[in-house]
Amino acid sequence: MDAVIGGVLGAVAVLAGAAVFYVNSMARATYSLLVSFLAVAAMLVLLGSTYVGFLTVLMMTVEMAIMGVFMVMYMMNPAGLMPMSMRHNTRGALVISAGTFLVLSVGVFAVRWPTRIGKPSRDVTYDLGAALMGRHMLTMIVIGTALLATMVSGVMLTSARGRYDRYGDELDRRSPTDPVRGGVGR
Amino acid sequence: MNEKPLALLPELFLLGGAIGGLLLGVFLPRRRQYIVRIVAALALTGSVVTALLGARNLDGEVFSGAYNVDMGTSIARVVAATAALLLLAIASTELSGHPRETELYTLLLLGTLGTVLLAGADDLLFLVAAYLLASIPLYGLAALAKDGSGTESALKYYLMGAFFGIVLFTGTVVLYGVGRSTRYSDLVGSLAAAPRGAVALGGIGVLAGLLFKLGAVPAHFWVPDVAEGATTTVAAFVTTVPKVGAVLAIYRLIDVPLSHAPGNWRLIVAILAAATMTLGNLAAFFQDSVRRLLGYSTISQAGYLLMVPVVAGRNDLALPSLALYVSAYAVTNAGAFAVVAAARTGPKLADWRGMSRRSPALSLALLVCLLGLVGTPPTGVFVGKLTVFTAVAQGGYGWLVVVAAVNTVASLFYYLRWLAPVFRAPEDKGAAVSFSWSTRAAVTVAALSVAVGLGAGVVIAAVSG
Amino acid sequence: MSIELFLLIAAGLFSVGLFGALSQQSIVMLMMGLELMANGVLLAGGAFWRLVSPGSPDGQVLLIVVLVVMAVEMAMGFAVTSAIFRARDVDLTDMATDLKG
Amino acid sequence: MTVALWLLPVLPLFAGAVLAAASPFWPDVDRVASPVAIGVALVVLVLALVAAVGRPSVRAPLLPGGDAALSVDGLSAVLIVTVAAVTLLVLLFSSVELPSGDARGRFFGFMLLFTGAMLVTVTTTTLVVLLASWELMGAMSYALIGFWWRDLERVRSANLAFLVTRTADLGQYLAAGAALAGAGSLAFGALPQASSGWRTVITAGLVVSALGKSAQLPFSFWISRAMAGPSPVSALLHSATMVAAGGYLLLRLRPLLETSSWSGPTVAWAGATTALALGAVAVVQSDLKQLLAASTSAQIGFVVLAAGVGATAGGTAQLVAHAAVKSALFLTAGAWLSSRGTKALRSLRGVAREDRVLGPAAIVALLTLAGIPPLSLWLTKDSVLAAAREQSLGLYLTGLAGSVLAAVYAGRALAIVVTVRRKGDAPDPRDIEEEPTGRVGSLAVASVVALAAAGAVLGVQSMPVVADRLARSIGGNRSVPGLFELALSALVAAVVVLLLLRARGALPAGSAAWRPLRGWLGLEALALRGVLQPTLALARGLARVDDGILDRAVDGTAVLLRRAAGLASAGDSRGVDGSVQAVALGTRRLGALARRPQSGQLHQYYAQAAVALVVLLLVVLIGQ
Amino acid sequence: MTVLSVLVFLPLLAAVVLGSLQGRLRGRNATWVWVAVSGVELLLTVGLWIGYDGGHGADYQERVRWIPGVASSYHVGVDGLSLPLVGLTALLFFVCAVYSLGVGRSRANFAALFLFLETTALGLFVSLDLLLFFVFFDLSIVGMYFVIAGWGHTGAARAALKFFLYTFLGSLALLLGFIGLYVASAPHTFDMVTLAANPPLEGRPLLAGLVLLALGIGLAVKTPLFPFHTWLPPAHTEAPAAGSAILAGILLKMGTYGFVRIAMPMLPEAWSRWSGVVLVVAVVSILWGALVALAQTSFKRMVAYTSVNHMGYVLLGLGAAGATGGDDAAKAVAVTGAVTQMVSHGLVTGALFLLAGVMWERRETYEMDTYGGVAALAPRFALLLAVASFASLGLPALSGFIAEFQIFAGSLGPAPVATALSLLGILVTAGLFLWALQRVLLGASRSAGRRFADLRAFETASIAPLVLLSLVIGVAPRWLLDVIEPAARTVVAAVSGR
């Protein structure tokens with residue numbers, strides 16, 4: 001039964017993924033991607049990693065929303081009003097990705113995967129938390145630092161005007177001078 | 001649980017410097033951001049000093065085997081931080097007073113931290129995290145100037161990085177799948193009995209991610225573009241510092257988890273090394289842009305660096321030779337970029353014509369650095385190359401040494417293409433380059449590259465223990 | 001539940017994503033391709049945890065890490081895209097080819 | 001005593017070097033050169049006499065197995081005195097006869113250097129010193145033949161003489177190597193003890209070098225070109241010393257020649273053949289100096305013959321007597337050249353009648369050369385021939401024919417210079433080479449007279465009493481010619497000379513047959529065409545190969561490719577350098593190729609990276 | 001710090017001082033500094049020679065740890081093989097300094113570069129450590145590149161690049177060989193003395209052959225030997241006179257010195273085994289160099305090719321020492337001759353290149369056919385050119401004869417055919433020098449009205465000592481041979497395994 005559900009969900013995930021590049025509107029593509037992610041999240045839940053599955057759902061939904069905002073902001077073609085093909089080297093991409101799939105799927109069946117050892121604990125999520133706080137703490141600290149780096153560089157790249165533009169080279173303006181009034185700090 | 005926070009003091013210096021600098025910089029006037037530079041320099045110095053002190057008494061695995069404070073990590077700590085320190089000198093001339101100077105230093109320190117962590121990673125998960133930390137700041141740095149070429153280079157850098165990041169995840173997941181763990185200490189045993197095909201996929205994936213950081217074939221495409229597009233400081237940084245961590249991480253990967261795994265991994269690395277150095281050299285041959293030329297040159301240098309992991313753990317000379325080469329390379333490459341930054345000349349080789357008249361000191365520094373990159377004695381790279389060649393020959397990869405030697409000769413050609421106009425009489429009397437602070441810095445770095453060669457004995461003795 | 005099934009689906013997702021990464025001109029669409037690839041990796045990770053070594057939480061941590069890293073990378077991607085769009089009004093990779101040779 | 005032996009060569013060598021090198025720095029050297037040189041020559045003569053009496057030996061370390069060793073024994077004693085005496089007389093002659101405008105410092109310097117080298121040659125006992133002096137003589141002969149270097153033809157003659165003799169000298173290099181390999185020593189005394197294979201090389205090498213120096217066949221032609229030098233040079237080098245050195249060496253190496261059965265006869269035949277062939281060449285020459293040059297080869301041929309048959313004493317006597325006679329004749333020719341302005345025989349008709357002292361001296365010398373009794377060469381030659389007859393009749397007959405030819409050429413010259421000048425015998429203006437001075441210095445005449453007289457009476461060496469002593473002193477077997485032989489040769493010589501006098505020196509017609517003889521048997525042309533020109537052609541060909549496509553590389557790639565294609569089809573070498581250039585071209589292409597992936601197109605980067613990764617994966621899977 | 005270190009690094013110090021003072025030195029002051037320093041070097045060398053203890057092993061040894069990790073140290077010393085070359089180096093650099101006094105304007109950089117080159121040359125000859133040797137080997141290339149590129153004639157840039165690339169390739173091959181020696185030695189070391197005392201790779205013919213091949217290529221390029229010689233003619237043609245003199249006189253010796261110092265003692269078996277190949281290369285170099293020189297029309301190119309020929313003689317002697325036949329005494333003579341030839345060639349070719357420089361100074365061409373009759377215009381020039389040419393063609397009483405005679409005499413036994421063929425070389429050399437003298441010096445002065453000023457004092461003072469020393473060696477060589485012979489015997493004993 002699980003196998004059937006897994007197979008169906010998998011088919012949904014792959015087909016929705018394929019649809020991302022088939023539909024001719026960015027908005028639809030975004031939705032397809034979300035569907036694919038949701039299907040995978042469901043499979044993760046099916047596999048017993050409930051927490052990660054739901055986390056995926058949450059994160060991906062938000063991410064797709066951001067992506068939508070992003071498109072509205074910059075891409076000028078938010079709802080696929082102007083259908084257009086934005087592909088290049090389709091044939092080459094097809095050959096390479098098909099080849100990759102071939103190699104991978106042959107590998108999937110050729111390899112004798114290790115047999116299962118052990119059983120999932122009763123509370124997987126608790127164990128996960130313990131591992132994150134214990135053995136993998138340093139990893140998480142590093143990822144945290146990476147988040148800091150992401151914030152710093154992300155803000156640096158996206159902000160059109162930095163603090164010296166707004167408050168002057170000496171940072172001595174009382175209030176920032178912005179072309180559009182009402183920004184942060186007003 | 002063997003959490004020894006003090007064992008990570010050098011890393012904490014870097015992190016502290018980054019955070020402290022950032023907080024400080026927010027309140028500093030634009031012209032006085034040099035204070036952040038001083039903070040960064042102090043942090044880096046502290047990191048180097050504590051790393052040197054720590055190298056005397058290595059702590060080994062810390063934090064449940066995620067991180068390994070061994071000689072390799074110590075090398076990365078010292079070399080990466082020292083290189084970053086040298087690059088601060090370039091930054092001080094190029095980007096002093098820049099509106100995003102504070103962010104520059106913060107990201108430099110974070111990138112350096114990421115590199116160091118990459119070198120010390122003893123767990124695939126940690127490796128992924130370190131990869132992230134070593135990459136993210138650099139994407140931002142590449143676009144620091146926010147000009148057309150800078151952002152383009154950042155875009156390419158980022159997209160390549162993202163792609164190879166996913167390849168790295170893939171490898172990690174597959175190795176985890178067949179090895180039942182992500183810790184190197186577990187993988188040594190479990191991968192030995194693992195199915196060949198899966199290990200091949202996983203190993204290639206992880207290796208590919210590190211090759212991206214190293215700037216080696218087939219993940220080298222970003223290197224020339226970033227070298228040309230980004231500011232000089234950043235170009236120098238991304239072609240110098242990440243290589244330190246990447247090559248040590250590859251070394252560890254070959255030495256530990258893949259040492260008994262199916263597949264001839266040493267041969268793969270050897271092939272990659274040969275391909276990388278050859279491609280880098282060939283592409284540099286008729287390059288007219290100085291920065292791109294340097295970019296390709298760093299690709300070929302990555303190839304030479306990659307030679308050492310081929311014999312990782314095979315003989316006593318492997319790690320010392322890597323230490324020597326990587327430190328010499330870092331200094332020399334930084335020196336070359338420092339000269340470029342100080343010369344303030346056009347982007348083409350032809351623009352360098354007559355530089356020897358305009359600034360003899362700078363020309364001499366360039367000579368030392370470029371010949372150093374070739375491996376002319378007595379610069380550090382020579383001794384590094386020599387010991388690397390020796391170690392690799394000792395490990396039974398004589399053909400790789402021959403390939404490297406031939407490549408070295410070939411590389412001479414394009415370095416000379418640069419040097420030739422420098423020492424030719426100028427067509428018109430260009431303005432003399434003043435003997436400024438930046439010139440002095442370039443000359444100092446060049447001198448340092450010779451000093452590494454002359455003091456090679458000390459380095460080897462320190463690394464050999 | 002056989003592991004081959006999940007891995008096959010993961011391989012499919014990975015390949016579809018790869019196709020997108022290779023063929024899409026738009027930077028955002030390209031990033032969607034990368035996300036799909038990561039999606040496949042995520043699925044494979046989940047399968048490995050459950051069907052090979054469910055006894056330890058390492059697999060779960062791996063999934064978390066992949067998820068977080070994916071998100072971080074995407075965030076960075078948006079930032080870079082914003083920057084280049086601001087600097088030169090570029091949203092297609094084909095438009096950013098000044099640096100070459 | 002040992003000091004005298006050291007000084008004997010060192011003094012002239014040092015003085016000569018100083019004189020020769022001084023003029024660029026001190027132009028006035030030309031004024032003091034001749035007195036200094038004559039003084040040195042005088043001292044050398046004294047030293048030679050002292051050494052000849054005292055028979056000292058000296059030695060100093062030079063090379064392992066080859067010390068710088070000099071020693072005076074019977075043979076050397078005779079020769080050092082001869083060399084010193086002839087040198088003194090020739091220098092005396094030169095001091096008055098050399099045109100005043102010439103670079104006297106250089107001339108006398110080289111002459112002294114030459115003398116020193118010759119003195120070393122005849123006193124040394126090791127191969128390395130022998131080779132050194134041997135080659136130094138060759139170089140000095142180059143310098144002296146090319147003395148008038150503004151005339152390039154003379155320079156070419158000098159080049160030729162040097163190169164031909166050096167070619168023969170290679171034999172001595174081989175011999176030295178073989179001596180070191182076979183005997184472990186370069187001393188003469190050790191040579192006969194060398195292992196047999198190496199001994200063959202030593203013998204052959206030394207024989208070749210001696211034949212070359214002595215202008216024996218097949219090297220004879222260089223002496224013809226050597227006549228381009230001043231006459232005193234010919235008087236010293238091409239009669240008494242350098243050409244004599246070859247004969248001397250063969251005499252000296254008699255013990256070595258005796259160790260093999262082939263070497264003696266070979267040498268003897270080489271000498272006899274030269275005596276015959278070059279005698280014939282001498283007969284038909286129209287130039288006095290050329291006649292004398294050919295006759296020198298022929299007469300030294302008898303010395304070589306003597307060495308081959310072991311008649312060491314006879315050979316020595318022939319060598320010494322010939323040295324005096326021929327020096328006198330060359331000096332006479334030189335004197336006539338300056339006083340009459342010509343050395344062409346047809347323009348010298350009756351000159352001996354006009355010079356009251358020089359004339360008779362020349363007549364005596366020519367008669368001696370012809371072998372007229374009781375003059376010296378009659379006796380010395382016959383004693384050599386007597387020894388030859390003991391070995392082989394053919395050798396004897398060949399030698400005898402050679403001596404008949406000697407009578408013919410000497411008689412012809414004699415007939416021309418003594419017969420009265422008739423109408424139509426006036427000097428041909430085309431023969432006038434330089435402005436005639438019309439007079440000969442008395443000092444010059446005196447030296448000619450002294451030499452001619454010495455030449456005439458030196459036959460006493462072959463008188464039985466003297467010859468016995470000489471043989472004891474020098475070694476080797478002694479053959480006394482029988483009365484019949486002596487009478488026969490005297491008669492033949494006399495008849496021939498008388499016939500020629502009657503014919504006023506005219507030769508029978510048949511100049512077509514004589515052309516090869518006039519042209520010295522065509523040996524020079526053979527050497528030029530057979531050796532020099534092919535060598536030059538080879539050199540140019542190799543140079544082209546060496547330059548390869550270097551020069552044409554600038555013409556661009558198209559030419560390069562066309563050439564490469566052409567060369568590949570022709571199978572011709574495009575040169576060493578060309579391949580370097582081709583590598584450069586190849587890398588240029590590769591360089592362009594290596595940059596092609598860097599298209600700036602991100603999706604292409606992705607595609608390449610993906611393909612590369614898949615390939616890597618397959619490599620891991622397939623690789624062992 | 002022994003006298004050797006002072007000797008090696010004093011010029012470097014002076015070079016640094018000159019380089020930093022450039023522009024502040026008036027007139028010929030920089031050149032005078034150069035003369036003074038190289039003069040001190042010469043005096044030091046003379047002192048070194050007088051104090052030399054010709055016993056076993058190297059004298060004046062000094063050893064300081066450098067890279068202990070790979071058993072490499074700053075190890076210097078002189079023995080019978082290196083002392084003559086050290087002397088030659090000191091003399092030739094001094095002479096070039098004096099010669100440059102005649103070149104008018106101040107050239108601080110030029111002087112500094114030559115002083116730097118002097119350090120590399122001296123350092124190389126006294127090195128007793130492979131790495132140290134390599135350091136100086138490579139730096140000499142760098143220095144010479146700048147001499148040619150900076151002060152050469154019109155085509156200098158191209159010629160310099162070719163020189164650099166070619167010789168650098170050689171140096172890399174050499175490095176591979178050194179690494180091979182290091183890896184094969186037990187315990188691993190780069191120390192020459194240790195390696196020579198205990199040669200690695202005995203009984204491993206294939207590896208030893210490969211290492212020898214690498215060393216051989218590296219040294220053959222530098223020497224240069226056929227077919228690696230094509231960088232030489234353009235480099236010489238374009239280089240300034242003093243540069244050519246140093247290049248031919250000193251730098252080429254680094255190659256041949258490497259053979260006798262490194263290849264033979266450290267790979268004796270392989271040297272013996274492959275001596276046939278060595279001999280073939282030697283013979284081809286001799287004949288090729290001589291014949292191609294014969295065809296040249298440019299005086300300087302001609303002299304350059306004769307260098308190939310003369311270096312071929314050196315290799316002939318060394319190759320013969322490795323041949324199977326022959327006794328050790330004869331082989332020692334050959335090796336002694338080879339080392340003597342290095343010195344002799346340095347003196348003679350140095351003089352010839354300086355004379356070529358005089359030709360260029362006067363008429364800016366090396367084409368011999370444009371000269372003729374110069375002897376009438378410039379007797380001092382003519383005298384020195386003639387003597388130097390005769391020394392080069394091996395005339396007795398000059399150094400070339402002593403050298404070549406020993407090579408031939410010693411080599412004939414072990415290698416009869418090769419030696420016999422090589423003898424043809426001296427004949428061709430004789431021919432080409434006579435022809436050259438004829439074209440340049442002799443004949444009626446073809447260039448009526450064209451002047452050719454005779455040698456000036458500085459020129460005479462620089463060239464004459466070289467010729468005179470060649471004469472001294474030619475007449476009384478014992479003082480030199482006494483130094484060389486013990487070392488040559490040691491080398492031969494090593495190669496023949498006795």
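Letters go in sequence order (proteins before strands), and every chain restarts at 1. For the numbers below, each heavy atom of this structure counts, side chains included, while hydrogens, waters and symmetry mates do not.
- Counting only heavy atoms from C-beta outward, the side chains of B/L201 and A/V103 never approach each other to under 4.5 Å.
- For the atom pair OG1 (A/T139) and CG (B/L124), the distance works out to 10.5 Å, reported to the nearest 0.5 Å.
- Between B/G140 and A/L157, the shortest heavy-atom contact is O-CD2, 3.9 Å.
- Heavy atoms closer than 4.5 Å to chain A are found in the side chain of B/I19, but not in its backbone.
- The shortest distance between side-chain heavy atoms of B/T102 and A/R163 falls below 4.5 Å.
- Heavy-atom distances place the backbone of A/R112, and not its side chain, under 4.5 Å from chain B.
- The stretch residues 157-186 of chain B places B/G177, B/V178, B/R180, B/T182, B/R183 near chain A, each with some heavy atom under 4.5 Å from a heavy atom of that chain.
- To the nearest 0.5 Å, the span separating CZ on B/R31 from OH on A/Y164 amounts to 10.5 Å.
- Note that the OG atom of A/S153 and the CZ atom of B/R100 stand 12.5 Å from one another [nearest 0.5 Å].
- What you find for A/V152 and B/L22 is that their closest heavy atoms are CG2-CD2, 3.7 Å.
- Proximity to chain A (any heavy atom under 4.5 Å) is restricted, for B/L117, to the side chain, taken from C-beta onward.
- Contacts of residues 144-151 of chain A with chain B at a heavy-atom distance below 4.5 Å involve A/T145, A/A146, A/L148, A/A149, A/T150, listed in sequence order.
- Residue A/Y22 places its OH atom among 12 or fewer non-hydrogen atoms of other residues, nucleotides or ligands, all under 6.0 Å distant.
- The candidate from A/H136, A/E170, A/M156, A/M140 with the greatest count of non-hydrogen atom pairs under 4.5 Å with chain B is A/M156.
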Determine all donor-acceptor pairs shorter than 3.5 Å in which one atom belongs to a side chain in residues 8-18 of chain B; sequence neighbours excluded.
unit_1: B/E11; atom_1: OE1; unit_2: B/R77; atom_2: NE; d: 3.4
unit_1: B/E11; atom_1: OE1; unit_2: B/R77; atom_2: NH2; d: 3.0
unit_1: B/E11; atom_1: OE2; unit_2: B/Y67; atom_2: OH; d: 2.4
unit_1: B/E11; atom_1: OE2; unit_2: B/R77; atom_2: NE; d: 2.9
unit_1: B/E11; atom_1: OE2; unit_2: B/R77; atom_2: NH2; d: 3.3

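- In this structure, the side-chain hydrogen bond (donor to acceptor under 3.5 Å, both in side chains) partners of A/D169, at least two apart in sequence or on a different chain, are B/R30.
- In this structure, CG in B/D122 is found 11.5 Å from CG in A/L138, a value given to the nearest 0.5 Å.
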